[in-house]
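Taking it in order: structure first as structure tokens, then the write-up.
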Protein chains: 2
Amino acid sequence: MAAIGFDPHDHSACISSTLRQAETYCAEHKLKLTPIRRRALEILLAEHRALGAYDLLSHFAAEGLGSAPPVAYRALDFLTSAGFAHKIEGLNAYIACAHLGSDHAPAFLICTACKSVAEAETEASDGRLGAAARAAGFQIDRIVVEALGLCPTCQDAA
Amino acid sequence: MAAIGFDPHDHSACISSTLRQAETYCAEHKLKLTPIRRRALEILLAEHRALGAYDLLSHFAAEGLGSAPPVAYRALDFLTSAGFAHKIEGLNAYIACAHLGSDHAPAFLICTACKSVAEAETEASDGRLGAAARAAGFQIDRIVVEALGLCPTCQDAA
DNA sequence: GTCGTTGATGTTATGATATAACAATGGAGT
DNA sequence: ACTCCATTGTTATATCATAACATCAACGAC
Ligand SMILES: [Zn+2]
Ligand SMILES: [Zn+2]
Ligand SMILES: [Zn+2]
Ligand SMILES: [Zn+2]
């Protein structure tokens, strides 16, 4: 379970392989990766950072695509529903999935200094919280796990 | 580790004992539980639900206290800094701490149907995520854990 | 006691995030 | 060609949060 994001890697390969996986997934599941959706994913993939909906929107505007908020939110809804992107609740921002293909419960390491985000994976039904939920009779749909702190680079800078 | 919130209990005792603990804590730490801060805590304590800042604000307004947003946000900043309340990131809302006194890493069970929230406790440095962070050289300050789903009552209703 | 500092509060204005509602388009199937 | 339905475009508005500055009261220094 590597925490992709803080380590150096071949990023253009990282982008193109994820795009290919997204295309395959859409073909298999009758989903349409339209130009604007594909472009949104590319923009998110360009950095291992979370972007706000309005950040995405300004990319769109600069490229002559739609420039009203719903355009960005709809693309993000599609990407998150399909599992191609995740919302970072603690930042009100969105990031491309770093583990496309594996059916995963994401956990994020979020640097509060430089906003870079690494995606790790949690255990499917992590012990304690799952136990508490069961004891309370609570039925879990989705679990948000976000660790806020400092990435290696920003620790060195401090 | 009880997940306080969904089970019936003596709620007025729950409120008054928490308020007393908050007073004690403030006295020990030279913090000022001013009337508006105390009132904010009372309002949050009245329900085991998360309230938005503007919900709190309308209570204030109805009681002749300040009615501009910063009044609510400042009270909430104080309560969260002191550990008397937590922000629920997934709802952009705030809830009184259900485990005041214990030094804890909160985890929440959030009913998406009725918005009620139970507060459980996680292990201090839970295995997997802590391990991933260590491997990445990431220094964790705070962990957000929020489970979204259905509370027992809303499951029955469905 | 007065003065200056400090933290709390009040207020106006604005910024940032997100959705409602409806019109226009355009392909898939008939 | 026609209909259906998902996607996209656009306007307007709702919701969440902070900046900036004025006022005030508590408290210690002098
Ligand atoms: Zn992922
Ligand atoms: Zn960093
Ligand atoms: Zn708590
Ligand atoms: Zn419920």
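Here is the naming used below: chain letters follow the sequence lines, and residue numbers restart at 1 for every chain. Since this is a predicted model, take the numbers as computed values, not measurements.
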According to a strict under-4.0 Å criterion, is [X] in side-chain N/O contact with OP1 or OP2 of [N]?
X: A:Tyr73; N: C:dA18; answer: yes
X: A:Asn92; N: C:dA16; answer: no
X: B:Lys32; N: C:dT9; answer: no

Between [N] atom [atom2] and [X] atom [atom1], what is the distance in whole Å?
X: B:Asp77; N: C:dG7; atom1: CG; atom2: P; value: 16 Å
X: A:Lys115; N: C:dA16; atom1: NZ; atom2: P; value: 13 Å
X: A:Leu33; N: D:dA6; atom1: CG; atom2: P; value: 18 Å
X: B:Arg37; N: C:dG10; atom1: CZ; atom2: P; value: 11 Å
X: B:Leu76; N: C:dT9; atom1: CG; atom2: P; value: 13 Å
X: A:Glu89; N: D:dA17; atom1: CD; atom2: P; value: 12 Å
X: B:Leu91; N: D:dT15; atom1: CG; atom2: P; value: 15 Å
X: B:Lys87; N: C:dT17; atom1: NZ; atom2: C1'; value: 11 Å

Exercise for the section: Kindly say whether, by distance alone, the side chain of B:Arg74 makes a donor-acceptor pair under 3.5 Å with the base of C:dG7? Expected result: no

Practice task
Return yes if the base of D:dA14 and the side-chain atoms of B:Tyr54 contain a donor-acceptor N/O pair under 3.5 Å, otherwise no.
Solution key: no

Out of curiosity, [X] [atom1] to [Y] [atom2], how far, rounded to the nearest 0.5 Å?
X: B:Leu148; Y: B:Phe108; atom1: CG; atom2: CZ; answer: 12.0 Å
X: A:Asn92; Y: B:Glu89; atom1: CG; atom2: CD; answer: 7.5 Å
X: A:Ile95; Y: A:Lys87; atom1: CD1; atom2: NZ; answer: 14.0 Å

Problem - Shared hydrophobic cluster for B:Leu91 and A:Tyr73 (ILVMFWY, side-chain gaps under 4.5 Å) - result: no

Practice task
Check whether any side-chain N or O of B:Ser116 sits under 3.5 Å from a backbone N or O of B:Arg49 as a donor-acceptor pair, and report yes or no.
Solution key: no

Exercise for the section: Keeping the roles fixed (side chain from A:His11, backbone from A:Leu45), state whether a donor-acceptor pair exists under 3.5 Å. Expected result: yes

Fill in the blank from the handout: From the candidates C:dT9, C:dT17, D:dT8, the one with an atom nearest any side-chain atom of B:Ile36 is C:dT9

Handout entry: Sugar-phosphate, base or nothing in reach of A:Tyr94, heavy atoms under 4.0 Å
Key = sugar-phosphate

Exercise for the section: Answer with base, sugar-phosphate or nothing: what part of the nucleic acid does B:Lys30 contact at a heavy-atom distance below 4.0 Å? Expected result: nothing

Fill in the blank from the handout: Residues at least two apart in sequence or cross-chain that pass side-chain hydrogen bond (donor to acceptor under 3.5 Å, both in side chains) with B:Arg20, listed by chain then number, are none

Exercise for the section: With a 4.0 Å heavy-atom cut-off, tell me which residues in residues 62-72 of chain A come close to DNA chain C, sorted by residue number. Expected result: A:Pro69, A:Pro70

